[in-house]
2 protein chains.
Amino acid sequence: MSKHPKEMDVLKDHLGKHQLKYTRQRELILEFFLKQEHITAEELYHQLSRKDPHLGLATIYRTLNLFCEAGLAQARHFGTQTQYDNVSHKGHHDHLICTDCGKIVEFENCDIERLQEEVAASNGFTIKTHRLELYGLCSRCRH
Amino acid sequence: MSKHPKEMDVLKDHLGKHQLKYTRQRELILEFFLKQEHITAEELYHQLSRKDPHLGLATIYRTLNLFCEAGLAQARHFGTQTQYDNVSHKGHHDHLICTDCGKIVEFENCDIERLQEEVAASNGFTIKTHRLELYGLCSRCRH
DNA sequence: ATTGAAATTGATAAGCCGTCTCAAGAACAG
DNA sequence: CTGTTCTTGAGACGGCTTATCAATTTCAAT
């Protein structure tokens, strides 16, 4: 019994539409992926190696890319590392990043999202996703 | 006589503050970098190899990173490649990116910027830079 | 101008991250 | 069940970026 029936359905739907198969690995990776807000392929690999020591890193990468295509995840580059965001669990969120201590605050702002839609529309675009990152100093590091 | 006295000053100021030196290569790379809106390290390398065939690729990378630290450039990852944006020449701008054909439209929106400031302030942050990318389909690719 | 300490450069080696390859195994329609 | 097709795991591979290091250049102090 999965704890994430909704996301599981999204995955199965995507698999069905693209002649892909439902595998034990994909189910396992999804289950662990959904436990976090965002994670790197490497971290997920380590978490899962306890559960299934034979799971390959390549499979993690392949599956995370699959999740991106299915709309369950979104890749995000933070400096040198690539984070895969869980976008299905809660709504899309953006990031405030302290360039000094590395602290990350997540936020959501409907007004900004609405303005983004307006900008896109006036340029003939239809937005699928977006990425907004604000870099600066947090209150602690400003001093 | 440089054609970019203002940016040159920003660079010299940064160099002075960090015990770094003003070199022929840094001047040359800055001059070419400022000619474009955004460019990859590889492209810049090719452009410059005509002017100075002995300039190394590593120096290009080092110098572009230096420009980022000085606030003259900003690195942006688009798919597999890294673009270095010229952020000093004109005001900061954001990007609309077509996920189908790769078309990039630049835009600027004061209202969004103002809201960003508000979000940052309410979280105790002071913004230095930001990055906003909207991904979707352009009018041509929507059909 | 000369000198000398410190930073920079160029060439290349090395590293990292993610993808590709391919034989063996698993899924699923008929 | 059976056959076809997709997936997996392991490691090789590839592109992009950084590290290494001896030779060179910068620049402040003579």
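The shown structure was predicted, so the numbers you read here are calculated from the model rather than taken from an experiment. First the proteins, then the strands, lettered A, B, ... as listed; each starts at 1.
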Please report, rounded to the nearest Å, how far the P atom of dA26(C) is from the CD atom of Glu27(A). 16 Å
Could you tell me the separation between the OH atom of Tyr22(A) and the C1' atom of dG25(C), rounded to a whole number of Å? 19 Å
Distance-only polar pair, side chains of His130(B) and Gln116(B), donor-acceptor under 3.5 Å: yes
Decide whether Glu133(A) and Tyr135(A) meet the rule of one side-chain donor and one side-chain acceptor closer than 3.5 Å. yes
Side-chain contact test, heavy atoms from C-beta onward, threshold under 4.5 Å: evaluate it for Ile29(A) versus Ile60(A) and give yes or no. yes
What is the nucleic acid contact for Glu42(B), judged by heavy atoms within less than 4.0 Å: base, sugar-phosphate only, or nothing? nothing
Output the residues of residues 44-69 of chain B in contact with DNA chain D, where contact means a heavy atom of the residue under 4.0 Å from an atom of the strand; sort by number or write none. Ala58(B), Tyr61(B), Arg62(B), Asn65(B)
Rounded to the nearest 0.5 Å, what separates atom CG in Asn86(B) from atom CG in Leu72(B)? 8.0 Å
Quick one: do the His38(A) and Glu106(A) side chains pair a donor with an acceptor below 3.5 Å? yes
Opening and closing nucleotides of DNA chain D in contact with chain B, under 4.0 Å to non-hydrogen atoms: dC16(D) to dC27(D)
Whole-Å distance separating the CZ atom of Arg76(A) from the P atom of dG18(C): 13 Å
Does Arg26(A) or His77(B) map to a spot on DNA chain D nearer the 5' end, using the closest nucleotide for each? Arg26(A)
Closest-nucleotide 5' rank along DNA chain D - winner of Ala41(B) and Leu20(B): Ala41(B)
Go through the steps to decide whether Tyr84(A) and Phe33(A) satisfy the test ring pair (Phe, Tyr, Trp, His ring centres under 6.0 Å), and finish with yes or no. CA-CA 9 Å; Tyr84(A) 290 84; Phe33(A) 172 70; 7.5 Å; no
Distance-only donor-acceptor test, Lys21(A) side-chain atoms vs dA26(C) base atoms, 3.5 Å: no
Across the strands shown, which category fits Thr80(A) at heavy-atom distances under 4.0 angstrom: base, sugar-phosphate, nothing? nothing
Using a 4.0 Å heavy-atom cut-off, does Gln81(B) contact any base of the nucleic acid, only the sugar-phosphate backbone, or nothing at all? nothing
Check: Glu42(A) and Gln81(A) side chains under 4.5 Å, non-hydrogen atoms: no
Side chains of Thr126(A) and Arg142(B): donor-acceptor distance under 3.5 Å anywhere? yes
In whole angstroms, the gap separating P of dT8(C) from CG of Leu15(B) amounts to 8 Å
Checking side-chain polar atoms at under 3.5 Å, does Glu27(B) have a donor or acceptor matched by the opposite partner on Tyr22(B)? yes
